[in-house]
Amino acid sequence: MAVKKIVVPRSAEVLADKLTDADRKRLSETEINKVWESFSKKPNDLTRNFLIEKYLHLVKYNAERIHVKLPSEVPLDDLMSEGVFGLMNAIDSFDLKWKVKFETYCAPRIRGSILDWLRATDWIPRLTRSRGHKYNSAVQSFEMTNGRPPSDEELVGLLGVNDEEFGKMKRDSSAMNMTSLDGKCYETDSNRDVARIDVLADPDGTNPLRDIQRKNLRELVTRGLTRAERLIVILYYFEEMTMKEIGLTLDLSESRVSQMHTSILKRLQDSLSDRSSEFERAEAG
């Protein structure tokens, strides 16, 4: 079976427009150099896009190597997007006269572009992150050697710092343990990732069941009471007001409110005792 020969056109624009993806992968070094020579003489978007597609695998390779060292909350796509900018800058500044392979030249540019973006979006100062890394590395090293967590005194000796510097390192390591609420908490049967923010309890939220129970309880304990007695129960147990505050509200003395409260409790106890058998049957049924 004859092997298809790729004929490199004189114009890099024609090359970029006519070749398929399979042809791009089979281009020899000589043919690629012809593309570079044409691009150096006459830069244009079509040829630049062709070169970006040709070397895009380098962006993916370098982005994945950096991504494995980062928290899972950092999207790989974001790293690749920044890596493409580094690749584009490398293409625009590359010169064949340097006598080096483009792959060798562009790899540091891609990594640098990604790392610059990570530093720019990192809210933790570099000094803080450096201290935190030293502290965490010392803790991990001690645990691997001794099989237990180290004490502060042992860490001070291991790090070779004074107490003040150790306090800064310990504090900075805590600052690095922040986590994103958008990160995955667990995966459901439908392969849908549930984020931490989806299961985070709302301290200001109300429990509908608890609200219904409180309403039923209030109706139970205030049944058969006068208006003043009902207000005393509601204000004291549900609004958490003091006897003195209730007295001022109802225009009664504090001692009178306390006396009425004691009388109400005695009547409620007698009422609940009479209905204990009814509660037992409801619980059993």
Side-chain angles (χ1 to χ4, degrees), residues 58-87 89 104 106-211 240 242:
L58 298 175
V59 174
K60 186 173 186 295
Y61 173 76
N62 285 277
E64 288 178 342
R65 292 192 63 184
I66 295 176
H67 187 257
V68 296
K69 302 177 182 179
L70 299 175
S72 58
E73 290 81 10
V74 180
L76 176 61
D77 290 344
D78 288 354
L79 301 185
M80 292 187 61
S81 297
E82 295 302 320
V84 169
F85 287 116
L87 175 61
N89 291 332
T104 305
C106 76
R109 303 292 293 267
I110 293 173
R111 291 196 298 269
S113 179
I114 295 174
L115 294 177
D116 286 344
W117 176 77
L118 289 172
R119 295 189 189 102
T121 56
D122 190 3
W123 65 273
I124 301 177
R126 295 184 66 180
L127 179 59
T128 300
R129 190 168 290 280
S130 176
R131 286 173 176 162
H133 278 310
K134 289 180 181 178
Y135 178 88
N136 292 331
S137 297
V139 171
Q140 293 175 3
S141 176
F142 186 93
E143 289 180 345
M144 291 178 63
T145 304
N146 300 277
R148 62 176 178 83
S151 64
D152 288 350
E153 292 76 12
E154 290 170 330
L155 280 177
V156 169
L158 185 61
L159 291 168
V161 296
N162 55 38
D163 292 341
E164 182 180 358
E165 182 66 18
F166 175 76
K168 294 179 181 178
M169 297 177 72
K170 187 175 183 179
R171 182 178 64 252
D172 291 344
S173 69
S174 300
M176 293 172 55
N177 292 332
M178 305 289 265
T179 186
S180 172
L181 294 178
D182 293 327
K184 184 175 72 173
C185 182
Y186 62 88
E187 190 175 289
T188 62
D189 294 337
S190 60
N191 293 326
R192 175 184 174 273
D193 292 343
V194 177
R196 295 186 182 94
I197 195 171
D198 296 331
V199 297
L200 190 65
D202 182 6
D204 298 327
T206 59
N207 187 334
L209 178 60
R210 185 171 180 271
D211 291 342
E240 299 181 353
T242 64

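Counting heavy atoms from C-beta on, the side chains of P150 and V139 come closer than 4.5 Å. At least one side-chain heavy atom of L79 sits less than 4.5 Å from a side-chain heavy atom of L70.
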**Message:** Go through it in stages, so that I can follow the logic: the residues are W117 and F85, the test is side chain to side chain contact (heavy atoms under 4.5 Å, CB included), and I'd like the CA-CA distance, side-chain angles, deciding distance and then a yes or no.
**Reply:** CA-CA 11 Å; W117 176 77; F85 287 116; over 6 Å; no
**Request:** Check the pair S113, N89 against side chain to side chain contact (heavy atoms under 4.5 Å, CB included), reporting the backbone distance first and the verdict last.
**Result:** CA-CA 9 Å; S113 179; N89 291 332; 5.7 Å; no
**Request:** Output, in order, the C-alpha distance, side-chain angles, deciding distance and verdict of side chain to side chain contact (heavy atoms under 4.5 Å, CB included) for I110 and Y61.
**Result:** CA-CA 10 Å; I110 293 173; Y61 173 76; over 6 Å; no
**Asked** Stepwise, does the side chain to side chain donor-acceptor pair (under 3.5 Å) test hold for E154 with S151?
**Response** CA-CA 5 Å; E154 290 170 330; S151 64; 3.3 Å; yes
**Request:** Test K60 against M80 for side chain to side chain contact (heavy atoms under 4.5 Å, CB included), laying out the working first.
**Result:** CA-CA 6 Å; K60 186 173 186 295; M80 292 187 61; 3.8 Å; yes
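Note that CD1 of I114 and CD of E82 are 8.0 Å apart. Values are rounded to the nearest 0.5 Å. Going from atom CD of E153 over to atom CG of D163 covers 8.5 Å, rounded to the nearest 0.5 Å. Between the CG atom in L87 and the CZ atom in R109 there is a gap of 10.5 Å [rounded to 0.5 Å]. The distance from the CE atom of M144 to the CD atom of Q140 is 8.5 Å, given to the nearest 0.5 Å. From T145, atom OG1 reaches atom CD of E143 across 10.0 Å, with rounding to the nearest 0.5 Å.
Of all the heavy atoms in R111 and N62, the pair that sits closest is NH1-OD1, 3.1 Å. Contact detail for L118 and V74: the closest heavy-atom pair is CD2-CG1, 4.4 Å. Taking every heavy atom of both residues into account, A138 and L159 meet most closely at CB-CD2, 3.5 Å.
Checking side-chain atoms of S141 against main-chain N and O of S137 turns up no donor-acceptor pair under 3.5 Å. For the pair N146 (side chain) and R148 (backbone), a donor-acceptor distance under 3.5 Å is absent.
More than 12 heavy atoms of other residues, nucleotides or ligands lie within 6.0 Å of CZ in F142, so this atom counts as buried by the packing criterion.
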